[in-house]
Number of protein chains: 2
Amino acid sequence: MTEPLTQSIQDYLKHIYELTERSQPASTTDLAARLNVAPASVTGMLQKLAAAKPPLVIYKKHQGVTLTKAGLRAALEVIRHHRLLETYLVNALGYTWDEVHEEACRLEHVISEEFEARIATALGHPNRDPHGELIPSADLTMPADQSTPLSSLRPGQSATILRVDAQDPNLLRHLDDLGLTPGIEIEVSAYSEFDHNLTVRVRRKSHVLGLNTTTKIFVEVDK
Amino acid sequence: MTEPLTQSIQDYLKHIYELTERSQPASTTDLAARLNVAPASVTGMLQKLAAAKPPLVIYKKHQGVTLTKAGLRAALEVIRHHRLLETYLVNALGYTWDEVHEEACRLEHVISEEFEARIATALGHPNRDPHGELIPSADLTMPADQSTPLSSLRPGQSATILRVDAQDPNLLRHLDDLGLTPGIEIEVSAYSEFDHNLTVRVRRKSHVLGLNTTTKIFVEVDK
DNA sequence: TCTATTATTTAGTCTAACCTAAATTATTGT
DNA sequence: ACAATAATTTAGGTTAGACTAAATAATAGA
């Protein structure tokens with residue numbers, strides 16, 4: 001009998017998943033920063049998660065942490081909740097994409113599987129949330145991500161925005177104002193080698209975007 | 001700056017409200033039973049609530065507990081969340097009335113005022129939940145309850161069901177099967193003085209109901 | 001009125017999850 | 001290769017909210 005995961009544990013797993021997506025183990029400090037918690041607290045929790053009845057993480061002192069099978073499943077469950085909720089808040093309740101993150105962060109830990117299933121059905125089983133992030137399927141597999149960062153495009157290339165990897169409401173509102181949202185066609189018209197700015201044409205207007213922005217927008221390049 | 005109320009405190013306040021609705025102070029033991037907590041734990045919490053910066057309850061040793069203005073507001077806020085959520089789950093997500101209680105109990109503590117406002121709007125600002133319970137208004141006043149218990153009716157009287165005061169899923173399913181739901185017209189055709197059974201005609205069929213049931217159904221008597 | 005029973009409170013523990021300060025291990029630049 | 005710096009862990013402490021066992025107060029029956 002495997003006891004239920006606390007809200008706090010679910011948060012740790014979710015963030016470990018996100019930090020290890022590109023296959024690097026997650027560091028104590030990075031986790032601490034994400035969770036708004038002291039590094040020492042993270043160490044303590046990681047030891048606990050590694051010692052759990054079915055271990056949830058693999059953790060060796062000073063070597064970072066990765067998820068086990070069990071930890072991965074739990075993480076994907078939370079992420080599925082989060083992203084379905086964000087989608088529901090936008091599509092069914094009229095939230096804007098910059099308003100949903102906090103709400104989903106609180107709701108993700110308390111909804112039942114019943115609730116999850118009902119909103120998934122109501123939404124038509126979407127596989128992306130309002131930011132374009134992939135939603136793990138009901139059987140907890142994460143679809144492969146085919147996107148490339150906008151920052152890697154060069155003049156002459158055009159592409160379709162797939163997702164925007166940001167939660168900051170101000171940034172999200174700004175991008176929405178510019179029309180930089182999932183599904184939109186864009187074209188790169190200039191690149192500045194020194195500051196890495198890209199000039200991007202969208203909705204018949206051009207905008208100069210810095211690295212801070214272009215690394216958060218992920219696209220599918222047109223062939 | 002009044003710090004936010006924990007989930008646990010919200011639960012205490014909600015149950016104190018319900019126990020004191022008929023103006024008796026709530027006892028430690030009754031609260032403990034409702035909260036599934038040891039009586040000693042209740043004593044501890046009540047002392048804390050009474051000592052809070054704006055006191056949330058009035059509590060004197062061995063004399064039970066009642067809510068202060070501040071405690072009442074907090075309780076009504078939680079109850080409004082709960083009942084709006086139950087209504088939303090049924091009306092918007094297709095839950096049945098026996099499935100909503102648990103879900104609402106978890107969600108009621110985490111939704112934002114934004115969320116509350118949006119579902120209230122989506123529902124057309126209802127003032128009763130699926131069980132017929134009154135929903136506190138947005139400004140946190142509880143509408144007056146005009147209902148009388150079915151148990152007080154006698155043969156010849158007819159009435160409309162206003163609310164059903166129960167959470168037990170089995171009972172709720174049973175009542176639904178019989179057609180005993182809010183809005184329905186019923187007529188009392190017999191009364192047994194000894195076991196207090198009532199024979200009630202609903203949907204052209206008669207059913208004999210015991211006290212356990214008739215004290216949980218509240219009606220408006222036809223004149 | 002007094003005792004037996006029941007209700008309530010006190011006292012002392014426990015656990016989860018956080019914290020700070022101090023100690024230790026890794027890493028990096030020279 | 002080694003000191004300086006950065007990252008991490010250990011040690012010890014705090015808080016919220018629960019628990020059990022023991023003590024006390026209230027109530028009810030004879």
Side-chain angles (χ1 to χ4, degrees), chain A residues 1-16 19-20 24-66 71 74-75 78 105-106 108-110, chain B residues 1-16 19-20 24-66 71 74-75 78 105-106 108-110:
Chain A
M1 169 110 212
T2 167
E3 50 186 70
L5 304 177
T6 66
Q7 191 156 315
S8 177
I9 290 178
Q10 290 179 15
D11 276 333
Y12 274 86
L13 296 175
K14 179 175 73 166
H15 283 106
I16 293 169
L19 286 171
T20 55
Q24 316 304 328
S27 74
T28 303
T29 341
D30 288 357
L31 262 175
R34 283 209 174 220
L35 292 160
N36 276 304
V37 140
S41 307
V42 173
T43 300
M45 181 60 101
L46 294 183
Q47 290 168 342
K48 178 177 161 180
L49 295 180
K53 300 194 218 171
L56 296 165
V57 303
I58 294 160
Y59 169 68
K60 294 253 175 63
K61 279 187 190 186
H62 298 278
Q63 300 188 185
V65 66
T66 53
V78 182
C105 275
R106 280 176 282 109
E108 66 189 8
H109 306 293
V110 303
Chain B
M1 170 106 213
T2 170
E3 49 185 70
L5 304 178
T6 67
Q7 191 156 313
S8 178
I9 289 177
Q10 290 180 15
D11 276 333
Y12 274 86
L13 295 175
K14 178 175 73 166
H15 284 106
I16 293 170
L19 286 171
T20 55
Q24 314 306 327
S27 76
T28 304
T29 340
D30 288 358
L31 262 174
R34 283 209 172 220
L35 291 160
N36 276 305
V37 139
S41 308
V42 173
T43 301
M45 181 59 101
L46 294 183
Q47 289 168 342
K48 177 177 162 182
L49 295 179
K53 301 194 217 171
L56 296 166
V57 303
I58 294 160
Y59 168 68
K60 292 254 175 60
K61 280 189 192 184
H62 298 278
Q63 300 188 184
V65 66
T66 54
V78 181
C105 276
R106 281 176 282 109
E108 66 190 8
H109 307 292
V110 304

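Sequence lines set the chain letters: A, B, ... in the order given, protein chains first and strands last, and positions in each chain run from 1.
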Exercise answer: donor-acceptor pairs, residues 33-44 of chain B side-chain atoms, under 3.5 Å, sequence neighbours excluded:
residue  : atom : partner  : partner atom : Å
Arg34(B) : NH1  : Glu18(B) : OE1          : 2.8
Thr43(B) : OG1  : Pro39(B) : O            : 3.4

* Could you list the residues that satisfy side-chain contact (heavy atoms from CB on, under 4.5 Å) with Lys48(B), not counting sequence neighbours? => Ile9(B), Met45(B)
* Asked: Taking atom P of dA18(D) as reference, at what distance in whole Å does atom CG of Leu49(B) sit?
  -> 10 Å
* Using a 4.0 Å heavy-atom cut-off across all strands, classify Thr43(A) as base, sugar-phosphate, or nothing. => base
* So how far is it from Tyr12(B) OH to Leu49(B) CG, rounded to the nearest 0.5 Å? -> 8.0 Å
* Asked: Reckon Ser41(A) touches a base, only the sugar-phosphate, or nothing at all at heavy-atom distances under 4.0 Å?
  -> base
Short heteroatom pairs, N/O only, protein and nucleotides 11-16 of chain C, under 3.5 Å:
none

* Please report, rounded to the nearest Å, how far the C1' atom of dA7(C) is from the CD atom of Gln63(B). => 13 Å
* Structure fact -> Here the distance between atom P of dA7(C) and atom OH of Tyr59(B), to the nearest Å, is 15 Å
* Partners passing side chain to side chain donor-acceptor pair (under 3.5 Å) against His15(B) (at least two apart in sequence or in another chain) -> none
* **Rounded distance in Å - NE2 (His62(B)) to C1' (dA25(D))** => 5 Å
* Asked: In whole angstrom, what separates Leu31(A)'s CG from dT9(D)'s P?
  -> 11 Å
* Report the residues that fulfil side-chain contact (heavy atoms from CB on, under 4.5 Å) with Gln24(B), sequence neighbours left out, ordered by chain and then residue number. => none
* Lys60(A) NZ to dT9(D) P, straight-line distance once rounded to whole Å -> 13 Å
* To do: Let me know the distance between CD of Gln47(B) and C1' of dT10(C), rounded to the nearest Å.
  => 9 Å
* With sequence neighbours left out, what residues match Val78(B) under side-chain contact (heavy atoms from CB on, under 4.5 Å)? -> Gln10(B), Lys14(B), Glu108(B), His109(B)
